[in-house]
Amino acid sequence: MVFTKLFMFFTLFAYSIIVSQSFMYIIALKNVQTSMQAGPFIELRKLLDAGFRANFKNAIYVALLCNLSAAHVLANAGKIVV
């Protein structure tokens with residue numbers, strides 16, 4: 001039971017890091033993006049996505065690991081069928 005709560009906590013924590021990055025992206029760049037032409041806009045998106053993927057790679061892997069671990073623990077506890 002304690003392990004399940006820990007896995008859920010770490011999963012939610014990792015996802016909160018990922019989601020906060022997305023909200024910052026939406027809020028901070030909305031006005032800039034709407035005033036850009038197509039070419040510079042696409043280039044900006046590519047550069048930002050590459051930067052975010054590099055910075056948040058560990059958070060994404062931790063979230064994946066926590067989800068898989070939680071599913072394994074819950075399946076072995078008989079609460080869900082995998």
Side-chain angles (χ1 to χ4, degrees):
M1 188 67 164
V2 173
F3 291 117
T4 305
K5 289 182 180 181
L6 283 174
F7 284 129
M8 291 301 186
F9 171 76
F10 286 122
T11 301
L12 289 174
F13 182 73
Y15 277 120
S16 70
I17 293 171
I18 296 167
V19 170
S20 67
Q21 171 262 149
S22 299
F23 283 135
M24 188 281 305
Y25 182 78
I26 291 168
I27 293 169
L29 297 175
K30 182 178 185 265
N31 293 333
V32 174
Q33 291 177 4
T34 56
S35 64
M36 293 180 79
Q37 299 292 328
F41 173 75
I42 293 170
E43 186 65 26
L44 174 69
R45 288 292 302 263
K46 286 180 182 178
L47 292 172
L48 286 172
D49 289 342
F52 282 135
R53 270 190 243 120
N55 290 335
F56 290 96
K57 176 177 58 173
N58 293 335
I60 292 170
Y61 287 133
V62 167
L64 177 64
L65 180 65
C66 287
N67 275 339
L68 294 174
S69 300
H72 179 71
V73 167
L74 291 175
N76 288 336
K79 295 184 179 181
I80 63 171
V81 177
V82 177

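Because the structure is predicted, anything quoted here is derived from the model rather than measured.
No donor-acceptor pair closer than 3.5 Å links the side chain of Ser69 to the backbone N or O of Cys66.
Summarising the geometry of Ala59 relative to Ala14, their closest heavy-atom pair is O-CB, 3.7 Å, with the distance given to 0.1 Å.
Partners of Tyr15 by side chain to side chain donor-acceptor pair (under 3.5 Å), not counting sequence neighbours, listed by chain and number: Asn67.
Residue pairs meeting the side-chain hydrogen bond (donor to acceptor under 3.5 Å, both in side chains) criterion with at least one member in residues 48-64, sequence neighbours excluded, do not occur.
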Got a list of side-chain donor-acceptor pairs under 3.5 Å for residues 35-45, not counting sequence neighbours?
from: Ser35; atom 1: OG; to: Asn31; atom 2: O; distance (Å): 3.4
from: Ser35; atom 1: OG; to: Val32; atom 2: O; distance (Å): 3.1
from: Arg45; atom 1: NE; to: Tyr25; atom 2: OH; distance (Å): 2.4

